[in-house]
Each structure stands twice: as C-alpha cells, then as structure tokens.
Amino acid sequence: METKVVDAELFDIAIHTSGIRSVQVRVDGGPRIALERKALTGDWIGQVPMGARYVLAVDDDRLALDPRATEVWFPPGHSRDANKRTGTLDPADFPRSVAAPWPPQRPRRHTTRPLVVYEAHVRGLTACRERSDAGTYRAAIDELPRLADLGVSVLELLPVHQYDPDEGNYWGYMPLVFGAIHRQYAAGDHPAEELADLVSAAHDHDIEVWLDVVVNHTTESDRTGPYYSLRILDEREYYVVQPDGTYLDDSGTGNTIDAYSPQARRLIMEALDRLADLGVDGFRFDLAAVLARDPDFVRSIGDWGERRGVRLIAEPWDMARYLLGPDFPDQRWMQWNGQFRDDVRGFLRGEPGMVPRMVQRLAGSADLFTTPMCSLNFLTAHDGFTMYDLVAYDHRHNHANGWDDTDGHHDNRSWNCGWEGDDGVPDDVMTLRRRQLRNAVCLLLLSHGVPMFVAGDEFARTQQGNNNAYNQDNPTSWLDWDRGAEWADHERFVRNVIAVRAAHPVLWDPDRWGSRLATFGADGEPDMGHESRSIAWAVDGLYVMANMWWEPVEFTIQTPGEWCITIDTSLESGQADGPIVAGPVTVGPRTIVVLSR
C-alpha cells in the first residue's frame, strides 16, 4: 500500500501494528484524529491535512513517528537521549512526520558511456565551497560539469534517508525513515524535490545517480536505543527479536530488520518505489546479506528492479555472513567485489604470491561472477582509507573518532612507501607515493568490470589516516579544494586513464574475454611463482606491463603489432605519447607501462 494524496487537501495514512487498542494522529495546531483499524489488513487508516506536521499516539500516550512518512521535521528541543525514555519526554520535543506530497515521477536515463562510479557524500561534496548553500543537493548540481569532464558516468550518493541529526553519524547509515529524504541536506523546504532536481541535472550531463540505501536496520539501535517508530508500533513484526528479548545484530548497529516479515518488506519496497520515482537509476544495498536471510525477498527485489529499469548493487556481506559471488541469491545484481579490493591492494604493495590472484581480478573475477559486469571493482570506499592514505599509512589513525583508536579495520593491505603520514615526509617518499597512486588508478580502471572510486581520490584526498570517519562531519571528510588545486596533475592523469578505458570497449564488454586475453611474464609465460611481482597482459589493442618489484624489469613484447606507449607511471605526468615500440621495454620499479595500437 502506498502513501498517497487522495485529494488536493488531504494526505492518506496507513499504519500497521498489532496488539494495541488505539492509534491517534495529533496534528500540530490542529485536531486529534482517531485512526480506524481495518480488520482484514491490520492497518490503522485515516487522513490529515496536506502539509501538516503530525505525530502518532499509540494507546493514548506512546508517541511514534509514521514509518511511512514522506518527510520528518525536528523541533528545536529534539534530543536523542530524551527519546530513550529513561526520563520525562516533553511531547513538544518529539520529531514530527510531515504530510508532504511526493514530487511527480521523473524519468530515469541510463548513461551512454561506460560505467565509472564516483562514490560521494552529499554534504562532503561541497561543504568546503564558498557558497550559502554549501553541502546541499542544490550545491551538488554545480559539481556535475567537472565530474562529466573527468569521465565519471555514475554518481553514487551515500545514504539520503532521513536520519537522526542528533545521532552523530555523518555517513547517514542509521536511517530513521526509509522513505523520507534527509532534509538537512536541502537548501530549501522540499528535500525530495531538490534531490529529484539533482538527479535530473545529472542526467543532463549523461551521469546516472545511484543511491546507497540502508534498509537492513534503523537508528533505533539495541535495547538501550531511542524509541521513535518501529519499536513502539510492533518491534516483533519489523525486527528480528531473539528468544531472550534482545535484537539480533547482524548489522553491527544494534538491530536487524526481519526480511521474512511482510510488513517490513512492504515498508522497504514502498521506500524503493518512492526513490525510483525521483528518477534514480540504481540502488546500492548496504549489508545486503541481511536481506538475503530470505533469498526469495532478494529475488523479488531483482524482479522489481527489472520492472522499474533500475540497477541493483549488493554489498554482499554483513556481520555474520559473506555472500560474495555465487553465494548471493540473485546473480542479476552487481556486487561490491571485496576480493578485488584485497587482492589488488596486496599486489600494489608488492606482497608475494599475488600474481595468480591478480590475473583473476583483472579479467573480471570469473571465479566469482558469471558475467564480468556484475563485478563492481573498487580499491577504496567511504569506509576505509582513501586512495592517498592507502599509500601513505601503514596503520589507522582513528583517535578523533572517540574510541581510543580501536574502531575501523586493522588490516588495510596498505603501504606507506617508507614513511608514516605526511609530517616531515621526504621528497623521495612523496615521489614514490605519487607513482603508487598512478599504479592504483591503472589497476582499477584497466581491469574488466565496473570501476568505482571515492570522491576526492582523483586529487589524492586524505583523511590523515582515519579509516572509519563515520562521525567526522568536518574537513577530515569534506573535499578539500585547495588540495584539489595542488594535485591537479593527478586529476589530469585520472581523466586520461578514464579516457583510455572509454576508448577500449573490451574493458567494459559484458562478455568474458576468454581467448582474447593473453598473459605473459617478462619474457614468455607468466611467472606465477610465490616471489613473482610482475605480470603482463594483452587484450584487444591494449598491452599492460605491471611491475610491482622494487627493481626494473625488462619485458619482451609477446604480441606482434605496432605498439605505442600510452601510459608510463614512472613519469610525473603518467602520460607517454611515445613512438612505436621497437624491442624490449624496461619497466621501472613499481611501475606500470601501457601500450596501445
């Protein structure tokens, strides 16, 4: 059942709950409206004036947000702690649902270019811009020309569900209402409309918009968390409640949505439909393994995705299960390829024994996926090191998060190039870091599959070694445009490698390379030995030689033809518009050379 407008003045409400006597709607500055219970469905239904702020009163005195609200408003006295109900809660300070009309449906428009995904935070994208609406959907529109010029064809936004602004989670992975848009990212009074305008503007630049959706848990956390909505209405209908009365915590946030529950599923699907109506082109599902507790539900979302014409992307794990590849119940979805991240990071820093794994990853991870374009390849994401920090830090530096540096991953498969951090870093170390950054870009963008990188990676954004900046709503997480100017040469390199990718359709071919791919060593067959740290491969007009050894390696070209050097990461520019190659090619230490014809 959809939240809908029944005429120009009234807004429909339908609340599902069980085991209660009454549900009343209290409209700010207006009447108290008793909802009517429909015996057949268990829904409590009624209407409120369009635009009204309202709160539900369950059994007369328990206040609750409408879990199907289209918008949420927070009064000045809002306090998360007060809503834990450990003391007296002033009803005036409880959040209000808003009977806001949903914008008219916008069209989707898939990009005409190969998919290159840019993961960004709405606020962090423009928070450092000198403008009155910095950090909003509206401000993000003005970033689109730069992204289009860079070669980005997908803007993937971190969650935009309404979350509790008093919770302290900058990333937004603690949703309050699945189907309401976070109003704190809006420049005006209509957040859903502003998000739809951003999506439409992205389409005008041939860029798709994907949303990171979090429908596996809510901000109500565990038994010590606040009471906002589902805990009050029917916690056993929406959450997985264990025999001892505690919530299952496969999400790592205190609770887990019950994927078997018809009401939870209805809430999720209604939210997805609303977001799709804004013109959104794809959805990345946070901790999708939670939903895969019921494989049929995941497949039904896959069917829905086909009907709506949207792309579906899974983060195929949670705190209890790792379902990467064939273990995920619907192979139509793309998946975040965590194995690509780990193996390519290992190869990049020169770990032994990585060449056989690198061959798998560069060729679309055939050991994991039936089609290479289901592999979303990434080295960096919002959680973890930025690409620069990957080559500048051996250890996390998360003291600012407030957990005595105990939060965040300990094993990052990173290498600081011989110096931890930036304080006093020698020039030769910085030279090596720049080269390693160029190597990382090449390994990501010249592999088969769908590449993704994090906003700011194109100009070496740093979080000073913080690999879990979930609560850092400050310059640690925001894009630093002064650094963007300092690293403009690296952004040019990224743009050029994306252009090389676009010019070679084999890199985004939906079919496997099969016999088109040839792999080599320095002089003949590839060296798959434990101490090998170099590999060459040729496929349809590209010849890549990757040497992660700390000494130069001379490669003999194994595939005949008139090859020209296109990329040489030992050069500061990374670009090498060289003559036709004649004879062996010496590839420097920790260097990648790319030939084309």
Handout entry: Note: Arg274-Glu270 ion pair, threshold 4.0 Å (strictly below)
Key = yes

Exercise for the section: Could you tell me how the ring of Phe283 sits relative to the ring of Trp304: parallel (under 30°), tilted (30 to 60°) or perpendicular (over 60°)? Expected result: tilted

Practice task
Find the distance between CZ (Arg106) and CG (Asp277) and round it off to the nearest 0.5 Å.
Solution key: 11.0 Å

Handout entry: CG on Leu379 to CE on Met452, rounded to 0.5 Å
Key = 9.5 Å

Handout entry: Qualifying residue, where the test is ring-ring contact (aromatic ring centres under 6.0 Å, His included) with His121 and the options are Tyr185, Tyr470, Tyr137, Trp478
Key = Tyr185

Problem - Short N-O contact, Asp511 and Arg516, less than 4.0 angstrom - result: no

Exercise for the section: May I ask you to test the Phe347-Ile535 pair for a side-chain heavy-atom distance under 4.5 Å? Expected result: yes

Practice task
Provide the closest heavy-atom pair for Ala202 versus Val209 in the form atom of the first, atom of the second, distance.
Solution key: CB-CG2, 3.5 Å

Practice task
Taking atom types as modelled, find out whether Asp250 and Thr256 have a side-chain donor-acceptor pair closer than 3.5 angstrom.
Solution key: no

Handout entry: Close side-chain approach of Gln335 to Leu324, heavy-atom, < 4.5 Å
Key = yes

Practice task
Answer yes or no on whether Arg223 is positioned over the face of Tyr247, meaning its NZ or CZ is under 6.0 Å from the six-membered ring centre and within 45° of the axis.
Solution key: yes

Exercise for the section: Search all heavy atoms of Pro510 against all heavy atoms of Pro372 and return the closest pair with its distance. Expected result: O-CD, 3.5 Å

Completion exercise
Sorted by chain and number, sequence neighbours left out, salt bridge (Lys or Arg N to Asp or Glu O under 4.0 Å) with Asp327 holds for none

Practice task
Determine whether Asp318 and Asn216 make a side-chain contact, defined as any pair of heavy atoms from C-beta on separated by less than 4.5 Å.
Solution key: no

Problem - Under 3.5 Å: donor-acceptor pair, side chain of Asp249, backbone of Gly254 - result: yes

Completion exercise
CZ of Phe385 to CG of Asn467, rounded to nearest 0.5 Å, is 5.0 Å

Fill in the blank from the handout: Scanning both residues in full, the closest heavy-atom pair of Gly124 with Tyr170 reads CA-OH, 3.1 Å

Exercise for the section: Scan residues 348-376 for pairs that pass salt bridge (charged side-chain N to carboxylate O under 4.0 Å, His left out), counting only residues two or more places apart or in two chains. Expected result: Asp343-Arg357, Asp343-Arg361, Arg349-Glu351, Glu351-Arg413, Arg361-Asp367

Problem - Option among Thr253, Asp212, Asp286 that satisfies the side-chain hydrogen bond (donor to acceptor under 3.5 Å, both in side chains) test with Tyr173 - result: Asp212

Problem - pair Tyr238-Thr218: side-chain heavy atoms closer than 4.5 Å - result: no

Exercise for the section: Starting at CZ of Phe340, measure out to CZ of Phe369 and round the result to the nearest 0.5 Å. Expected result: 11.0 Å

Handout entry: Qualifying ring pair (Phe, Tyr, Trp, His ring centres under 6.0 Å) pairs with a residue from residues 201-225, counting only residues at least two apart or across chains
Key = none

Fill in the blank from the handout: Nearest heavy-atom contact between Asp66 and Ser229 is C-OG, 4.4 Å

Exercise for the section: Let me see the working for Thr380 and Asp457 under side-chain hydrogen bond (donor to acceptor under 3.5 Å, both in side chains), right down to the final yes or no. Expected result: CA-CA 9 Å; Thr380 56; Asp457 278 348; 2.6 Å; yes

Exercise for the section: Compare every heavy atom of Met373 with every heavy atom of Met334, then report the nearest pair and how far apart it is. Expected result: CG-O, 3.6 Å

Exercise for the section: Rounded to the nearest 0.5 Å, what's the gap from CG on Asp296 to CG on Asp330? Could you check? Expected result: 10.5 Å

Exercise for the section: Answer with yes or no whether the side chains of Asn468 and Asn398 bring together a donor and an acceptor at under 3.5 Å. Expected result: no

Exercise for the section: May I ask you to decide if Phe297's main-chain N or O and Ser300's side chain share a donor-acceptor pair within less than 3.5 Å? Expected result: yes

Problem - Gap separating the OG atom of Ser534 from the CD1 atom of Ile592, nearest 0.5 angstrom - result: 11.5 Å

Handout entry: Option passing side chain to side chain contact (heavy atoms under 4.5 Å, CB included) with His448 (candidates Asp509, Val506, Leu507)
Key = Asp509

Completion exercise
Note: Asp258 and Val240 closest approach over all heavy atoms is CA-CG2, 3.7 Å

Problem - Within-4.5 Å side-chain heavy-atom neighbours: Phe378 and Val454 - result: no

Handout entry: Flag side-chain contact, heavy atom, 4.5 Å: Leu348 against Asn439
Key = yes

Exercise for the section: Check for a donor-acceptor pair, side chain of Asp281 on one end and backbone N or O of Arg108 on the other, with a separation under 3.5 Å. Expected result: no

Exercise for the section: Please answer whether the main-chain N or O of Thr111 pairs with a side-chain N or O of Glu208 as donor and acceptor at a distance below 3.5 Å. Expected result: yes

Exercise for the section: Would you check if there is a donor-acceptor pair between the side chains of Ser365 and Asn337 at a distance under 3.5 Å? Expected result: yes

Problem - Student check: side-chain heavy atoms of Asp273 and Trp102 closer than 4.5 Å - result: no

Exercise for the section: Could you go through the side chain to side chain contact (heavy atoms under 4.5 Å, CB included) check for Gln436 and Met548 one step at a time? Expected result: CA-CA 9 Å; Gln436 284 288 80; Met548 294 301 107; 4.2 Å; yes

Handout entry: Any side-chain heavy-atom pair of Leu479 and Leu125 under 4.5 Å
Key = yes

